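Starting from 1, each residue takes its place in the sequence as its number. As the structure is a prediction and not an experimental result, all values here were calculated from the model.
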Amino acid sequence: MSKRLTREECIEIVLISGERSNRVIAAVFEITRPPISHATVSKLLAKFCETGSVLDLPKCGRMKTVTNEETSVAVLASFSKNPQRSTRRMSLESGISRTSLRWILATHKWHPYKLQLLQHLNEDDPDRRTEFAEWAKQKLEQDPQFTQKILFSDEANFYVNGEVNKQNHRYWSDTNPH
């Protein structure tokens, strides 16, 4: 299987073309490298006649600007400094789309890990449960509307002792934090 022609090889083909046929040029050029077809020579010479160059035309579509090396380093540095940061917040702060952020993290094998908080039972926990049940029963006897006065909150925004509840957060890392 033949390799793609280098820029120097393309220039050499154009220089040796002269009045020769494409088949002769392909045969002459085979001496120095793996064989090429006369169709390849024909396409190369047609491109040269049309554009005046052997270089490929620029590709259409949007250029990748956000996912360059500099941006990737900045994103990874930011997540290594603060691994609990969400992609949504980072996107808002940096102006980089969430899709690009996730692409950068995935390319460098960073994954979101969900930390599980485990609470161990203590010896006095059954007694405290009983106390709570008795307290709730007493409140219901005093005020039948007591259950409707309880305020429920979204767990993700629930604060305990000034700390945010970490139950719904993700921890970005290239290794599992266990």
Set of salt bridge (Lys or Arg N to Asp or Glu O under 4.0 Å) partners for Glu9, sequence neighbours left out: Arg33
Non-neighbouring partners of Arg85 that pass salt bridge (Lys or Arg N to Asp or Glu O under 4.0 Å), sequence neighbours left out: Glu93
Under 3.5 Å: donor-acceptor pair, side chain of Ser78, backbone of Val75: no
Flag, side chain of Asn68 to backbone of Thr71, donor-acceptor distance under 3.5 Å: yes
Can you name the residues that form a side-chain contact (heavy atoms from CB on, under 4.5 Å) with [X], not counting sequence neighbours?
X	result
Val73	Glu69
Ser94	Met90, Ile96
Asp127	none
Ser91	Arg98, Leu101

Summary of side-chain hydrogen bond (donor to acceptor under 3.5 Å, both in side chains) pairs that have at least one residue in residues 43-55, sequence neighbours excluded: Lys47-Asp56
Min side-chain heavy-atom separation Ser80-Trp110 under 4.5 Å: yes
Beyond-backbone contact of Ile13 with Val54, side-chain heavy atoms, under 4.5 angstrom: no
Sequence neighbours excluded - ring pair (Phe, Tyr, Trp, His ring centres under 6.0 Å) pairs with any residue from residues 33-55: none
From [X] atom [atom1] to [Y] atom [atom2], the distance as rounded to the nearest 0.5 Å:
X	Y	atom1	atom2	answer
Cys10	Leu44	SG	CG	4.5 Å
Leu76	His108	CG	NE2	5.0 Å
Trp103	Ser97	CH2	OG	11.5 Å

Side-chain donor-acceptor pairs of residues 129-145 under 3.5 Å, sequence neighbours excluded:
unit_1: Thr130; atom_1: OG1; unit_2: Pro126; atom_2: O; d: 2.9
unit_1: Asp143; atom_1: OD1; unit_2: Gln145; atom_2: N; d: 3.1
unit_1: Asp143; atom_1: OD2; unit_2: Lys149; atom_2: NZ; d: 2.6

All side-chain hydrogen bond (donor to acceptor under 3.5 Å, both in side chains) counterparts of Thr40, not counting sequence neighbours: Ser37
ILVMFWY cluster, Val14 and Leu55 together (side-chain gap under 4.5 Å): no
Flag if over 12 foreign heavy atoms under 6.0 Å of CZ, Arg89: no
Within residues 104-113 or reaching into it, pairs that qualify as salt bridge (charged side-chain N to carboxylate O under 4.0 Å, His left out) - sequence neighbours excluded: none
Heavy-atom closest contact (Phe79 atom, Ser86 atom, distance): CZ-O, 4.3 Å
Chi angles and distances behind the side chain to side chain contact (heavy atoms under 4.5 Å, CB included) call for Ile104, Arg102: CA-CA 5 Å; Ile104 290 169; Arg102 286 193 298 263; over 6 Å; no
